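Handing you a structure now.
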Amino acid sequence: MKSIRGFLVIILLAIVTLANFAAVLRGYLGSMDEAERLFNQRMLQQVDLLNYTLPQLLTTAEQRSEARVFPARTLATEASLEFQWVALDGTLLARSNAMPEQPVVPLEQGFQFANFHNYRWHLFVTPSSDKSSWFIVAERADQRYRLAESMILQAVYPMVFAIPIIGLIIWWIIGVGLKPIANLARELRQREATDLRALEQQDMPVELIQLAQSANDLLRRLDSSFAREKRFSGDAAHELRTPIAALKIHCENLLHELQPAPASVLKLKQGIERMSYLVEQILLLNRTAPDHFMGNFETVNLTQLVKQTIVEQSAALELKHHQIEFNGDECWVSGDRTALTSLLNNLLGNAIKYTPDGGQIAINTWLRGGDVVLEVMDNGPGIPATERERVFDRFYRLGGDRHSSKTTGCGLGLAIVQQVVELHGARIALTQSRYEQGLLIIVTFTACLATSTESKPLHLNQLLDHKVGDHEQLH
Amino acid sequence: MLDAVLLILREVLEAALILSLLLALSQKLHLQFRWSLIAVTIGTIGSWLLAHYAYEIADAMDGTGQELLNAALYSVVILSVIALGLFICPLAFKSHLENNLTQKKIFASPSGKKLIYRLCIVIVSFSLAREASEIWIYLSAFTHDTEMLSSALIGSAIGAGIGMSLGASTYYAFTFMQKSYFIPVFLAIITLLAGGLSMQIAKQLMQIGWLDSATPLWDSTFLVDEHSWVGELLYALIGYDSRPAPIQGIFYLLTITPVVSACAWHAWQLRVKTHE
């Protein structure tokens, strides 16, 4: 069964049709019998009329050499009664115009059938009231049938035409009856992923209460498992960060104690750093997941945040002798400061990591109408167009574990970036850098009015005109 | 009106039963229903063509064209029904788990599914073309007389309404049936249906003198008259004939043999497996 409504409409309509048409047929057959009786009665009345008039003419009729022919009715008619008047010896005394010149059947009293003049006829044969002669009253069977049927069909038509109307009414009524299900489905569909409140059971039909109760049980279980998961990420952060920090210290001590430091201790240090980075990234990914993001949205000066990030990353930039350029307008967005910081850290971190020594990196923040455009561009190896969709997958690294740049990474950076972008309702695009080679990442946010919490509050109109023309170069 | 009801009911009921049976099969085997639209469209167009060229067809082959064409249409439907029966047969003799595996195996290849779709389209469209062409021809006889035409049309509406309602009820009765019961019932019905149709082939060939119409095997008119309501229903369901000729019996047996023997073979295999 694909649709409850479809099933109910079809099956109810089938039942109504069967019952209705069975009644129609029963009514039709019964009415036809009744009509038959009525037409036979009409023949009997005709005989009465003949009895009133004809026997008095018997003497004159018998003296005539040939049968008297009564003229046909002048008015057009759907059905007419014809007759023959026959003497006891079988000679025809008189007849209506449409009847043959000889008696059409033997003179036996009762209703009979006969075929003549290309038609089948209903006949009623009876002696006259004074038993001196016979009457044969005849009526064409097809005319009688048509007349009877046309009468009965007047009652049949409405019953047949009612079926489609009944179908539409059933369709509509079932739609009304199933509305609570549609409402429940809509309520569930419109809910946010994090909204795990129990369903309201007031005014719900009894048939749905069972379902709502089961759904509420499920929601409760989900809620507690989400809570457990949230606790787990917090606990895991604490539990993992502490031993990793201890490991780091022990490793540093070991490096001091063993001079010259053996290669395996240096590798141990690298391993610990990598593990520490991975744990931080996993926690970050977890914190920015839309299902349990607990962000605090405020108006943030993105330009300021970019500058701050560049300063924070200056050591790494210096280490690889990169040249960094910053250009742009002062831009304000509505967002979570921590999440935006991780977005910038990841984008700039990737650019630093994957651009070969002495490379060029540019960060720009532009105000374009109602949008804020953040650009991060480098002259590194770039990402082939075919891979640009996949780099947002978790733990996906270009070229697999053996990344060509030989840099450490866990393949979570861009997944975190994308989550932050989604949380802010922004868009991200990867494209070819404006340098000879490399990658350009463009994140487009919706611009926002500046607030007094930041150092330089500005209104949107002012923002549109105001070009900071900030130009910094770091070495 | 009553004649129209009976004639249309007889034709519509047969087509509706075949369609609802195959739709129920599609539902049980999780197949799409789109084939039914194609089949009904082809069937309707085919029926109109058959009715339109009815005189030419009847005059062809020295006046035996109509009977031969009917026999050919019946044959195609019967062969498709037998093929479908043989294809579905393994599903009736397996445990639930094995059944799912077999079904997966049958439908793993796109050709398996395609074969079922094609067979269903052929069965429904050919049956519909033949049945509906008789309806067109019947109704076209009244075109000159509007009063008779309206009476025939209202009778047709009633006949079609009853036939389709019964078809829809049958479809839902089958869809609510458990799959383990449905497949054997389906096989039994289509086998009987094919047998009934084969008797019609023999009848058509006897009418043109290609087969000898000897004394009937029996005469069950006293029990169920072929032209009574029950007779019409039985005709639509299993091709009931109150006075079948021996040759019709032979046709019937020949038609049901493939599916019956395939079922017997599978049943025997199942028995051997359970003993092992």
Side-chain angles (χ1 to χ4, degrees), chain A residues 1-33 35-36 76-79 140-167 170-171 174, chain B residues 1-10 12-13 16-17 19-20 23-24 26-34 36 142 145-179 182 228-230 232-233:
Chain A
M1 189 168 59
K2 284 194 170 169
S3 146
I4 297 177
R5 193 181 193 175
F7 162 69
L8 288 175
V9 170
I10 292 175
I11 211 73
L12 286 177
L13 196 59
I15 293 169
V16 170
T17 307
L18 284 177
N20 201 12
F21 287 176
V24 164
L25 291 176
R26 185 69 211 89
Y28 176 86
L29 292 172
S31 304
M32 282 304 255
D33 286 345
E36 186 78 12
T77 169
E78 282 183 57
R140 257 167 61 181
D142 62 314
Q143 285 182 343
R144 177 190 265 214
Y145 176 80
R146 273 188 191 210
L147 210 58
E149 193 171 59
S150 65
M151 217 156 55
I152 295 159
L153 283 183
Q154 294 309 316
V156 172
Y157 286 131
M159 293 180 88
V160 175
F161 291 132
I163 293 293
I165 298 167
I166 293 174
I170 292 178
W171 171 263
I174 289 176
Chain B
M1 186 190 91
L2 216 52
D3 296 340
V5 174
L6 264 180
L7 187 126
I8 308 293
L9 175 62
R10 178 182 161 137
V12 170
L13 187 61
L17 281 180
L19 183 64
S20 54
L23 281 178
S26 303
Q27 198 259 351
K28 292 285 173 199
L29 299 182
H30 311 295
L31 300 176
Q32 289 183 344
F33 283 12
R34 212 174 40 207
S36 59
F142 296 105
D145 187 337
T146 44
E147 197 183 331
M148 291 293 277
L149 182 67
S150 67
S151 157
L153 282 178
I154 211 84
S156 307
I158 293 174
I162 296 176
M164 288 197 279
S165 300
L166 287 174
S169 315
T170 318
Y171 167 73
Y172 282 114
F174 281 131
T175 53
F176 283 113
M177 199 183 266
Q178 264 184 25
K179 197 166 147 193
F182 171 74
S228 69
W229 284 85
V230 185
E232 295 285 354
L233 189 70

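Every chain is numbered from 1 and lettered A, B, ... according to where its sequence line falls, protein lines coming before strand lines. Being a predicted model, the structure only gives us computed values, none of them experimental. Computed from heavy atoms alone, side chains included, the values below leave out hydrogens, waters and symmetry copies.
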### Query
Just wondering, do B:Ile154 and A:Met159 contact through their side chains at under 4.5 Å, heavy atoms?
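Sidechains of B:Ile154 and A:Met159: no contact.
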### Query
Between A:Leu25 and chain B, which part of the residue has a heavy atom less than 4.5 Å away: side chain, backbone, both or neither?
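Looking at A:Leu25, just its side chain touches chain B.
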### Query
When only pairs under 4.5 Å are counted, which of A:Val16, A:Ile152, A:Val160 shares the most heavy-atom pairs with chain B?
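Max contact count across the listed options: A:Val160.
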### Query
In chain order, what residues pass the side-chain contact (heavy atoms from CB on, under 4.5 Å) check against B:Ala160, with sequence neighbours excluded?
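Checked B:Ala160 against side-chain contact (heavy atoms from CB on, under 4.5 Å); matches are B:Ile8, B:Val12, B:Met164.
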### Query
With respect to B:Ile158, which candidate in A:Thr17, A:Val24, A:Asn20 satisfies the side-chain contact (heavy atoms from CB on, under 4.5 Å) definition?
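Among A:Thr17, A:Val24, A:Asn20, the one that satisfies the side-chain contact (heavy atoms from CB on, under 4.5 Å) with B:Ile158 is A:Val24.
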### Query
With chain A, which of B:Val5, B:Leu166, B:Asp145 has the greatest number of heavy-atom pairs at distances under 4.5 Å?
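The option with the most such pairs is B:Asp145.
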### Task
For residues B:Ser150 and A:Tyr157, report the shortest heavy-atom separation together with the two atoms involved.
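Result for this residue pair: OG-OH, 3.3 Å.
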### Message
Counting heavy-atom pairs closer than 4.5 Å to chain A, which one of B:Ala168, B:Ser151, B:Ser169 comes out on top?
### Response
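So the answer, after comparing B:Ala168, B:Ser151, B:Ser169, is B:Ser151.
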### Task
List the atom of A:Tyr145, the atom of B:Met1, and the distance in Å for their closest heavy-atom pair.
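In terms of heavy atoms, the two residues are closest at OH-N, 3.4 Å.
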### Query
If you check every heavy atom in residues 8-15 of chain A against those of chain B, which residues fall under 4.5 Å?
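Listed by number: A:Ile10, A:Ile11, A:Ala14.
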